[in-house]
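Computed from a predicted model, the values in this text were never measured in an experiment.
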Amino acid sequence: MSSQEARFIDFGSPPAVQSRSCDTSDVPSTPTPIQCDVFIAGSGPIGCTYAREILEKGNLSSRPNAIYMAEIGAQESPVVGGHLKNAVKYQKDIDSFVHVIQGALQPVSIPVSDTHQSTLGGDSWTPPNSKQTELVICGQNPQQSRFDNLGATAVTRAVGGMATHWTCACPTPHSEETTQSPVERNELDSLLTRARDLVKVDSTVFDESIRHNTVKDILTDSFPNRNIRSIPLAVQRHAKSKSGFVTWSGSNTILGDYVNDSRLTIASEQRVTQLLVHPNAPGILLGVLVRDLRTDNDYLVQAKAYIVACGAVCTPQLLYNSGIRPPALGRYLTEQSMAFCQIVLSKKYIESIENTDNPIWQALIKQHRAKHPLDPLPIPFRDMDPQVMIPYSREFPWHAQIHRDAFSYGDVGPRSDPRVVVDLRFFGKGDIVAENRVDFSNMKPDQRPEHTDLYGMPQATFHVVRTDADRDRDQKMMNDMTNVANRLGGYLPGSTPQFMEPGLAMHITGTTRIGNDQQTSVANSCSRVWGFANLWVGGNNVIPDSTASNPTLTSMAYALKGAGNVIEYLQRARS
């Protein structure tokens with residue numbers, strides 16, 4: 001028995017059989033491996049960007065499974081990969097969506113808890129001795145230090161990924177946020193334009209909102225040199241625009257009509273366990289081992305091209321578990337710091353709305369008063385939320401969003417009317433440091449990892465520390481946030497200015513970064529993994545820069561370039 005086969009059997013794989021299409025005598029598989037042109041691990045916005053571009057421009061075969069996409073999570077939306085916030089009940093009550101986000105997020109690395117209970121009596125069970133006071137339970141990581149953890153980092157396992165609940169913010173990265181990119185800025189700008197079209201970015205959807213314009217005008221008057229603008233959002237006006245509802249973009253938006261293309265298969269609740277390297281050609285993948293989580297049966301998928309787009313933690317995790325471990329894997333990790341507060345708009349601004357000379361606002365307020373004469377506020381119930389940003393600049397190197405939206409934190413509660421509450425979220429970048437990293441449980445070639453996550457994959461452990469320069473920048477960002485907040489109103493009790501737990505931004509970059517140097521990057525400028533002819537990576541993890549603004553649009557741009565390279569590879573393979 002080979003070492004590779006023994007390792008698979010440890011994961012509960014079936015016995016090895018001979019595949020029909022290539023030499024896989026050393027690889028366990030089902031008797032009939034699934035054949036496809038392109039295999040994609042992950043169904044989030046990046047995996048779907050790859051799929052859309054390849055389906056549209058790749059001249060694929062017409063057979064089913066031309067693209068086989070495996071997703072570890074379930075299909076939770078009635079629309080495949082759709083944004084869950086599009087439900088009417090959440091648009092009527094945005095704070096209720098907080099619980100949806102909390103339920104969707106699964107923590108990545110939690111230090112174990114001390115289980116010693118000095119007052120526990122009777123014959124209750126306790127650890128057998130003083131050296132075993134830390135009880136290892138599901139989801140806890142005995143290798144994780146509290147001092148360098150990104151404790152709030154979490155992943156979403158669902159068809160559509162994070163795009164089932166993201167804020168849809170799609171700002172253009174500042175030039176200082178692309179200094180490490182191996183892609184020329186002119187080309188990157190063209191890719192960003194294509195990405196905006198795919199995800200349907202619009203900066204005007206909220207322009208008719210009273211609150212949006214009030215907040216935007218206050219900040220423009222208070223900070224005339226800060227380029228105050230509406231947040232570019234992946235959102236569309238609802239078909240019935242007077243309803244006050246919108247349609248938030250999800251992974252389904254990116255796929256468009258191709259979501260129903262017979263050439264695309266999206267297989268849910270399938271764990272991609274291992275990429276299989278050809279035993280006689282180290283630079284070629286010959287298959288991927290997948291486990292059906294509903295049956296615990298493993299099967300083999302064979303493709304011409306393989307794309308891993310499982311997120312900033314799970315992508316390096318899969319490469320690591322496959323024995324693909326370039327020097328930069330998991331390293332150069334950057335994550336954004338985040339300062340947060342909520343304010344209640346000043347009375348004078350509410351009075352200015354009441355006394356407006358804007359005829360459109362006057363008509364809306366009059367209509368609202370007629371329907372709801374006891375409401376003390378002049379703001380219609382269906383008035384859309386403010387969505388304003390202060391973009392990154394050299395003088396103020398952070399990204400700010402002043403808006404109302406649902407996160408895993410920051411709901412208003414019953415004591416304040418949500419129409420007068422505004423959230424401030426300021427995102428700060430971090431220095432790029434090689435030692436800031438995510439690594440995985442030590443694993444001998446023929447054995448299971450020492451520690452695994454809930455899904456049986458090697459446990460991720462963070463080692464991330466902010467530099468002195470980071471901390472200095474963070475403090476200046478906090479001062480800026482309080483200045484902005486004080487122009488708008490008073491702090492909502494319980495939501496005074498605070499730094500959030502590291503990792504809460506969930507904008508990790510760099511863990512499979514692209515670049516021109518094989519020692520400091522995992523993939524080339526086309527996101528193809530160094531040393532491999534048919535393996536690509538995608539996601540925020542490919543971004544080689546430290547960013548403060550939301551990274552999804554940038555990741556989509558890199559995915560579009562990667563998809564073009566996949567198409568070229570497939571064309572060469574056919575010729």
Side chain proximity check, [X] to [Y], heavy atoms < 4.5 angstrom:
X    : Y    : result
S203 : L233 : no
M556 : L198 : yes
T511 : Q317 : no
V388 : H403 : no
M389 : I228 : no
K429 : Y392 : yes
T156 : Q106 : no

Look only at the side chain of [X] and the backbone of [Y], and say whether a donor-acceptor pair between them is shorter than 3.5 Å.
X    : Y    : value
N141 : Q459 : no
S546 : G430 : yes
T467 : D470 : yes
N86  : W248 : yes
R471 : R466 : yes
Q75  : S77  : yes
R237 : T204 : yes
E71  : G73  : yes
S495 : L492 : no
N483 : N479 : yes

Using distance alone, with no hydrogens and no angle criterion, decide if [X] and [Y] have a side-chain donor and acceptor under 3.5 Å apart.
X    : Y    : value
N550 : H399 : yes
S337 : D474 : yes
H463 : D148 : yes
T547 : D545 : no
T172 : R196 : yes

- Full working for side-chain hydrogen bond (donor to acceptor under 3.5 Å, both in side chains) between S230 and K216: CA-CA 8 Å; S230 301; K216 188 175 180 181; 3.1 Å; yes
- Report yes or no: is the cationic atom of R487 (NZ for Lys, CZ for Arg) closer than 6.0 Å to the six-membered ring centre of F223, at no more than 45° off its axis?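 Judged by the rule (NZ or CZ under 6.0 Å from the ring centre, within 45° of its axis), R487 counts as positioned above F223.
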- Does the cation-pi check pass for R425 over F340, that is, NZ or CZ under 6.0 Å from the six-membered ring centre and within 45° of its axis?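 Negative - R425 is either too far from the ring of F340 or too far off its axis.
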- Task: Kindly write out the residues that satisfy ring pair (Phe, Tyr, Trp, His ring centres under 6.0 Å) with F381, not counting sequence neighbours, or none if the list is empty.
- Result: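 Applying ring pair (Phe, Tyr, Trp, His ring centres under 6.0 Å) to F381 gives H368, H372.
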So how far is it from [X] [atom1] to [Y] [atom2], rounded to the nearest 0.5 Å?
X    : Y    : atom1 : atom2 : answer
S555 : N541 : OG    : CG    : 7.0 Å
N252 : Y258 : CG    : OH    : 15.5 Å
L560 : D197 : CG    : CG    : 10.0 Å
I508 : N436 : CD1   : CG    : 11.0 Å
T334 : N540 : OG1   : CG    : 9.5 Å
I110 : D453 : CD1   : CG    : 11.5 Å

- Message: As a quick check of understanding, evaluate side-chain hydrogen bond (donor to acceptor under 3.5 Å, both in side chains) for N213 and E208, giving each step before the final call.
- Response: CA-CA 8 Å; N213 284 289; E208 296 177 2; over 6 Å; no
Determine the minimum heavy-atom distance between [X] and [Y], stating which atoms define it.
X    : Y    : result
H83  : T164 : ND1-O, 3.4 Å
M162 : L105 : CE-CD2, 3.8 Å
M506 : E335 : N-OE2, 3.1 Å
G538 : I46  : C-CG2, 3.7 Å
A70  : Q270 : CB-CB, 4.2 Å
R146 : V112 : NH2-O, 3.1 Å

- Do F427 and H507 have ring centres separated by under 6.0 Å?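 For F427 and H507, the ring centres are under 6.0 Å apart.
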- Message: What verdict does the side-chain hydrogen bond (donor to acceptor under 3.5 Å, both in side chains) test give for S549 and E177, after you've listed the backbone C-alpha separation in whole Å, the side-chain angles of each residue and the deciding distance to 0.1 Å?
- Response: CA-CA 8 Å; S549 57; E177 297 178 286; 3.1 Å; yes
- Please walk me through it: do K85 and H165 pass side chain to side chain contact (heavy atoms under 4.5 Å, CB included)? CA-CA 7 Å; K85 196 167 60 177; H165 60 76; over 6 Å; no
- Task: Test D257 against R52 for salt bridge (charged side-chain N to carboxylate O under 4.0 Å, His left out), laying out the working first.
- Result: CA-CA 9 Å; D257 292 339; R52 166 66 184 267; over 6 Å; no
- Is the shortest side-chain N to carboxylate O distance from K89 to D93 below 4.0 Å?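 Salt bridge absent between K89 and D93.
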- Query: Can you list the steps and then say if Y491 with L424 is a side chain to side chain contact (heavy atoms under 4.5 Å, CB included)?
  - Reply: CA-CA 11 Å; Y491 296 114; L424 285 80; over 6 Å; no
- Tell me, with the steps shown, if Q144 and S109 meet side-chain hydrogen bond (donor to acceptor under 3.5 Å, both in side chains). CA-CA 7 Å; Q144 182 66 68; S109 187; 2.7 Å; yes
- Item | Trace of the salt bridge (charged side-chain N to carboxylate O under 4.0 Å, His left out) decision for R194 with E53 | CA-CA 10 Å; R194 167 69 171 156; E53 194 75 352; 2.8 Å; yes
- When the ring planes of Y90 and F97 are compared, do they come out parallel, tilted or perpendicular, using 30° and 60° as the limits?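 Correct class here is perpendicular.
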- salt bridge (charged side-chain N to carboxylate O under 4.0 Å, His left out): pairs with one or both residues in residues 366-377, sequence neighbours excluded: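 Only E354-R369, D375-R419 qualify under salt bridge (charged side-chain N to carboxylate O under 4.0 Å, His left out).
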- Task: Carefully, step by step, assess D480 and K476 under the rule salt bridge (charged side-chain N to carboxylate O under 4.0 Å, His left out).
- Result: CA-CA 6 Å; D480 187 40; K476 291 176 181 177; over 6 Å; no
- side chain to side chain contact (heavy atoms under 4.5 Å, CB included) between Q342 and V422: does it pass, once the steps are laid out? CA-CA 6 Å; Q342 292 175 292; V422 178; over 6 Å; no
- Before giving the answer on side chain to side chain contact (heavy atoms under 4.5 Å, CB included), spell out for Y558 and I543 the whole-Å C-alpha distance, their side-chain angles and the decisive distance to 0.1 Å. CA-CA 8 Å; Y558 287 135; I543 297 175; 4.0 Å; yes
